[in-house]
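Keep in mind that this is a model prediction, so the values were computed, not measured. Convention: sequence-line order gives letters A, B, ...; per-chain numbering from 1.
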2 protein chains.
Amino acid sequence: MAEKSPQRRATLRDVARDAGVSVATASKALNGRKEVAEDTRQRVREAAEALRFTPNSVARSLLTRRTGTVGLLTGDLEGRFVIPILMGAEDAFGAGRNNVFLCDARGDSIRERYHLNALLERRVDGIIVVGRQTDPRPSLGQDLPVPVVYAYAPSDDPRDLSLTPDNESGGKIATEHLLSLGRMRIAHITGDPQYVAARDRARGFIGAMRAAGLEPCGQPMFAAWTEQWGRDAAAALFEQYPNVDGVVCGSDQIARGVIDTLRDLGRSVPDDVAIVSHDNWEVLATGSRPTLTSVDANLQDLGRLAARKLFDALSGEDVGSGVHRLPVTLVTRGSSVRSRA
Amino acid sequence: MAEKSPQRRATLRDVARDAGVSVATASKALNGRKEVAEDTRQRVREAAEALRFTPNSVARSLLTRRTGTVGLLTGDLEGRFVIPILMGAEDAFGAGRNNVFLCDARGDSIRERYHLNALLERRVDGIIVVGRQTDPRPSLGQDLPVPVVYAYAPSDDPRDLSLTPDNESGGKIATEHLLSLGRMRIAHITGDPQYVAARDRARGFIGAMRAAGLEPCGQPMFAAWTEQWGRDAAAALFEQYPNVDGVVCGSDQIARGVIDTLRDLGRSVPDDVAIVSHDNWEVLATGSRPTLTSVDANLQDLGRLAARKLFDALSGEDVGSGVHRLPVTLVTRGSSVRSRA
DNA sequence: CTGTTAGCGCATTCAT
DNA sequence: ATGAATGCGCTAACAG
């Protein structure tokens with residue numbers, strides 16, 4: 001591994017000394033300020049290079065009262081939805097001079113409080129709170145000294161700014177897609193009814209059906225976000241409604257299960273039954289046979305936007321407030337439209 | 001969202017003033033130093049509370065030359081393997097007073113250099129480099145002023161400390177598991193031969209077969225880490241060797257594909273053919289029918305260990321060097337042993 | 001036990 | 001164009 005440097009790292013003073021100038025001048029030279037002679041600047045640069053000088057941003061922060069850091073407070077990293085958001089945020093920051101502190105509270109509110117405090121002590125310029133469900137979560141409060149943006153899981157306080165995917169619209173476009181393909185006997189199999197996401201999507205589904213003047217085939221079937229439930233639900237569904245020709249699934253896992261059962265039943269996807277699902281989880285959607293048409297929540301964009309909102313806030317603008325529902329997109333694949341192979 | 005605090009945040013001086021003591025005393029009081037009268041301490045605490053004082057760790061860092069931060073430099077966050085490692089590291093740090101800077105270089109070495117520099121400017125106490133493959137990656141160099149640990153992807157410089165899963169042993173225990181079940185006609189279907197991981201596992205497989213005095217059914221089949229390849233390879237395999245009774249798969253995705261084809265062929269898993277795979281990717285392994293027996297790389301442990309090694313280095317110990325191959329574990333499920341349901 | 005003094009490394013006045 | 005001085009907020013050494 002890398003050697004532990006035997007002596008102190010070079011400071012601006014060392015550079016100044018070697019370049020034969022004052023610290024002030026050295027500072028100006030390295031920071032590209034105009035009021036410095038070109039040759040002086042060059043000398044300073046060379047001295048800095050020779051000493052492998054790395055400016056100490058800790059000292060700078062102390063002075064400027066800006067650390068250029070942002071805290072990312074998440075409930076759990078396992079969460080499939082946290083990562084893309086995190087990537088989006090990291091992406092937006094990575095381009096600039098900011099860095100992200102990652103804090104995983106492991107779903108424990110005590111630990112969250114603890115991490116929040118740590119972030120505040122570190123003088124982060126702002127905080128993004130990322131939840132793993134779209135259910136509202138407790139606000140961190142209004143009296144924080146830094147701006148906060150909530151991503152995925154909205155805050156339960158409308159004074160906060162929250163960004164979350166528009167799941168109702170997701171259920172809608174999924175259903176409209178099937179309708180546009182001429183399917184008319186459509187059912188909805190989805191996950192845990194405790195999740196707002198499940199209920200939102202179901203609402204979108206029903207709304208789209210009504211708007212088309214059609215009745216859904218049975219009530220939306222709620223249970224779990226698993227392949228197993230997809231298999232079981234599909235078996236029950238096709239027993240009761242053998243002529244269903246389209247299924248909107250609440251998740252890719254459920255869709256995989258549904259397709260599995262349909263194969264057992266000898267029904268062709270998409271010819272006999274077209275399937276649309278949610279989440280567009282790459283590994284599930286593209287590994288499936290046929291591949292899955294799925295609604296993508298564009299989480300990376302959501303993360304980017306969250307970061308951008310924070311930037312705006314840092315430059316003095318108001319962050320805004322309320323829950324913003326961000327657009328989702330349909331990704332069409334083989335489970336709804338037969339690919340010409 | 002949270003208000004931007006109108007005025008400066010309270011400083012230790014404010015606290016000292018309100019408590020009627022000097023800054024030094026206030027500092028000692030809050031830091032729990034012995035040389036302070038209990039009632040004084042109490043007064044200071046109350047003043048701090050009243051002012052909602054949050055110590056500025058930036059100032060403290062400047063003085064102590066320790067930031068209590070660690071950089072986590074990763075190639076790409078999408079990577080399925082990065083997250084658990086990251087969780088492990090965050091876990092190990094989260095317990096203490098440390099925080100993690102997350103940097104995603106997006107697979108770009110320029111950006112990696114850029115991030116590395118940023119981390120150094122921020123005076124992180126150490127760095128963990130996480131790659132997405134077990135193939136060796138370029139060292140960051142020996143002349144860094146902070147300790148570095150490489151996780152998952154080992155450094156190509158033996159002077160660095162690298163932690164990576166023992167994939168050869170993974171191939172071995174997977175195979176031995178099938179052998180212990182009495183299977184004797186075993187084949188190996190795996191991923192991209194460019195990956196060291198694929199070759200290592202294959203070596204483990206062959207070694208275990210030889211050790212048992214058996215010949216593998218055909219050469220290990222290399223191609224891609226996808227379900228599609230699993231399906232295709234299985235079809236080819238069982239055409240040529242219809243009596244295969246066990247398959248070691250290079251990944252859970254491949255295993256899913258293999259099982260898919262076996263169902264088409266009317267072969268029962270695990271009765272006719274037992275399957276073992278690698279990665280133990282929860283969503284794939286438990287969603288499968290039957291569920292997948294899979295080799296888990298214990299990546300979270302790996303991340304934790306990496307963090308711990310860094311700690312040791314920070315306390316002056318030598319980090320050590322060389323590539324350390326960490327133990328992997330077999331998780332037994334329904335694809336190799338019929339569950340009594 | 002408490003207060004005074006002295007920086008940590010840097011960017012910014014304000015002189016020169 | 002350059003440099004001396006100041007202080008960001010805190011802790012450590014020392015003196016009382």
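- An OP1 or OP2 oxygen of D:dC8 is reached within less than 4.0 angstrom by no side-chain nitrogen or oxygen of B:Asn56.
- Rounded to 10 degrees, the angle separating the terminal axes of the helix from C:dC1-D:dG16 to C:dT16-D:dA1 is 40°, with each axis obtained from five end pairs.
- To the nearest 0.5 Å, atom CG of residue B:Leu62 and atom CG of residue A:Asn56 are 6.0 Å apart.
- Going from atom CG of A:Asp312 over to atom CD of A:Glu317 covers 4.5 Å, rounded to the nearest 0.5 Å.
- Across the protein-nucleic acid pair, B:Leu12 atom CG and D:dG7 atom P stand 18 Å apart, rounded to whole Å.
- Across all strands, B:Arg41 comes closer than 4.0 Å to no nucleic acid atom at all (heavy-atom distances).
- Within the structure, a side-chain polar atom (N or O) of B:Arg33 is placed less than 4.0 Å from OP1 or OP2 of D:dA12.
- Summarising the geometry, atom CZ belonging to B:Arg304 is positioned 9.5 Å from atom CG belonging to B:Asn298; distances are rounded to the nearest 0.5 Å.
- Side-chain nitrogen and oxygen atoms of B:Arg65 include none within less than 4.0 Å of the OP1 or OP2 phosphate oxygen of D:dT11.
- Taking 4.0 angstrom as the limit, B:Thr11 places none of its side-chain polar atoms (N or O) nearer than this to OP1 or OP2 of D:dG9.
- Among the heavy atoms of the strands lying under 4.0 Å from A:Val21 are primed sugar atoms or P, OP1, OP2 only; no base atom is included.
- In the 5' to 3' direction, nucleotides of DNA chain C lying under 4.0 Å from heavy atoms of chain B begin and end at C:dC1 to C:dG9.
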